[in-house]
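Throughout, protein chains are lettered first and strands after them, A, B, ... in sequence-line order, and every chain is numbered starting at 1.
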Amino acid sequence: MPQITLPDGSVKSFDDAVSAFDVAMSIGERLARACVGCLIDGVLCDLSTVIESDCSLSLVTEKTRDKKDDANAMSMLRHSTAHVMAEAIQRVVPGAMLVYGPPLESSFYYDIKFPDDRPLKDGDFEAIEAEMGKIVKEDRVFTRYDMSISDGMEKLKSEGSKYKVDNGEAAIKAGSESLSFYATGEPGKDWEDLCRGPHVPSTGRIGGFKIMSLASSYWHGDENSDRLTRVYGTSFFSKKELNKHLERLEEAKKRDHRVLGKKLRLFHIDETVGQGLILWTPNGSVIRKELQSFIGAELTKQGYSEVFTPHIGKLDLYRTSGHFPYYADSQFPPIIERDHLIEISEEGCSCSQLSNNMSSGEIEGFMLKPMNCPHHIKLFDSAPHSYKDLPVRLAEFGTVYRWEQSGELNGMTRVRGFTQDDAHLFCTPEQVSDELQGCLSLVKTIFDVLGMEDYRVRVGLRDPDSSKYTGDPVNWDKAERACLEAAATLGVAFTEEPGEAAFYGPKIDFVVKDVIGREWQLGTVQVDYNLPERFDLSYIGADNEKHRPVMIHRAPFGSMERFIGVLIEHFAGAFPVWLAPEQVRVLPISEKSNDYAVEVLAQLKSAGIRATLDQNDQRVQAKIKNGSEMKIPYLVVVGPRDAEARAVSVRAFGIAKDLGSMPLDEFVSAVADEYSSKGASSVRERFAAAAV
RNA sequence: GCCGCUGUAGCUCAGUGGUAGAGCGCACCCUUGGUAAGGGUGAGGUCGAGAGUUCAAAUCUCUCUAGCGGCUCCA
């Protein structure tokens, strides 16, 4: 006689065991029809789950009460669609072995091992979708049945898929007391799969679905294990929602920094220069310069000293730092000294010998610097330091080079040469906490000024099971504690992530998503007890003894390239006045107004505003369209009426109607104010104020 | 690096075996137009590179190269 507590606190009692669906029916038929699953004592279950004892029950419907997508419902739907897709794929490609098919945030995938002589091609999508359509139309019921561990494993073994046997073993290891299977229809008759569930009631609930793409993956995520094909798809409860989702994806593509970078001429990557090497156009350079001077001003306020260091350094420097051996594969190959090179070629030295000799230190050479720390360390170490000098804060826009895997390169967000807004702080152990907080507040200031609110903070800790970390565990503990304490002062939620630390120390990262939903690390602050040790750094304490300083690495933007890539997407290319490469464009109505237009342009320019003149032989409507497409903050139309009044007719980006007329002098100073205040005051506001 | 897809004019793309097309952009001419595309003419391409099949290749095959989506990696 189960007593079932509903989310509103009311209790329903039943004489016998009932299914969640029956409970829903007892409340209302319409509700029951809208249900796809339920939460029993907080655990997501099938709607058909039979309830035998007292519990709390929350029904999961297609939409939440405020008509939004329900995360549980969507994940059940997509998981169910993955089953339908897997069945369809096995019909189209007999011999395809299923591995693992989970739902994701807005999609799902199924990892599948295809026969070597029959790989899946995207040309197969149509046939698979057609089969999926049939299965959906048949509206087959997802039917769960459980087997004992021994019977279940026997069944899996008899089916002959090592992947499913492995999944079964994983379930047992995770503590399952039985193995559950889901048949899409009738057990023993229809297609079925080992599965933990839960699923929507039947295939007919899948209103709209689409196979999106193919990718390769590795079994257990292990590069050296079996290579699998990952088939991505998505689904919704209705076709309409699917179409809306696909439209949104199309829209997102328009904000993609690679698309906008081309359209707005912000940067260029040239095959003949090299993969992942950014050529900054004049437009992009304006943005970069503005950001650099912004951060430069903040650094001065915070007591940093700016330095410059070369792009290369001796191999030995990186042996000492530990970077050369640790990251050998992801660095550009060393530059070998000429004399060595001649010697080596005369000796007929093989490539592998050469590589060995370099690793051992027998051959000296230079490396393109993969990071700036060793150079800054050497600067710090070039003079003795009293504890009274600390902290020493050395900052540099330092360009570094890393040999990223070719498949990893991505527009401006993953490149092979990039400039970090880097700094290294050398301080006493007592100063670590304050300095960390100073670094974090700098990152936060920058994010605030740019209106970037959609980020998460990750505290990267060491993975206790891994041996990749160097240094004393006691120091690691100290450093990790310092990071966690500093993060706690941020006033922003953060996550602790073991395994995300750098090899020399823990870090606090600011992570943002791009338009496709991929995450990128921007600002980073890292505590390091390790490199000071390796380089034997010291300062003289009050006791007149040598002490080891602690290093903090920090880069508020991360890299200029990645940050601006993300920033392009953040603003969808419509930069605020202070960053906009072209701030004002002057549009004369006809040649007759050219003289006045030239005058307007001159006045804007002499106020330090980045302004241009559109003297094309086009109508003003066309000039407005062109200017809008370039996302220029202000377009000013000038004609005889404006010349007469010594005024300009202003149009602001993103506002369909023009703002009206403003005296030229006033407009110039308003734009100049908006520029220097980074948007704290704006031309629009002045118009709004004038209108009141 | 791995799997799949893609590479045609500055940009966006059409062209599936018979030696190349559109729109935008660009140049010139006409037009002198007041808030999201006025009209005309013209220039511009060894179809990513190389090899092969063929009487004939942008088109088919192979290798390389670059980009895209993932995987793996990310100091």
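At a cut-off of 3.5 angstrom, counting only N and O atoms as typed in the model, there is a donor on one side and an acceptor on the other between the side-chain of A:S216 and the base of B:C2. No hydrogens or angles were tested; on distance alone, nothing pairs the side chain of A:R230 with the base of B:C3 as donor and acceptor under 3.5 Å.
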Practice prompt. Summarise how protein sits on nucleotides 31-46 of chain B as a single string, 5' to 3': B when a protein heavy atom is under 4.0 Å from the base, S for sugar-phosphate-only contact, - for no contact.
Written response: BBBBBBBB--------
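With a cut-off of 3.5 Å on both pairing distances, the Watson-Crick or G-U wobble partner of B:C62 is B:G50. Across all strands shown, B:A27 forms a Watson-Crick or G-U wobble pair, both distances under 3.5 Å, with B:U41. The partner of B:G33 is absent, by the rule that a Watson-Crick or G-U pair needs both atom distances under 3.5 Å. Pair assignment for B:G4 gives B:C68, based on Watson-Crick or G-U wobble hydrogen-bonding distances that are each under 3.5 Å. The partner of B:A14, taking Watson-Crick or G-U wobble pairs whose two distances both stay under 3.5 Å, does not exist in any strand shown.
Sorted by residue number, the members of residues 499-514 of chain A with any non-hydrogen atom under 4.0 Å from RNA chain B read A:A502, A:Y504, A:K507.
Classification of the A:H323-A:Y327 ring pair by plane angle, with boundaries at 30° and 60°, yields parallel. Aromatic ring pairs are classed by plane angle as parallel below 30°, tilted from 30° to 60° and perpendicular above 60°; the pair A:Y504 and A:H553 is parallel. Between A:F426 and A:F380, the ring planes lie parallel to each other; the angle is under 30°, not in the 30° to 60° tilted range.
Rounded to whole angstrom, the span from the OH atom of A:Y326 across to the P atom of B:C73 amounts to 11 Å.
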Any N/O pairs under 3.5 Å between the protein and nucleotides 58-66 of chain B? List them or say none.
unit_1: B:U65; atom_1: O2'; unit_2: A:E271; atom_2: OE2; d: 3.0
unit_1: B:A66; atom_1: OP1; unit_2: A:Q275; atom_2: OE1; d: 3.1

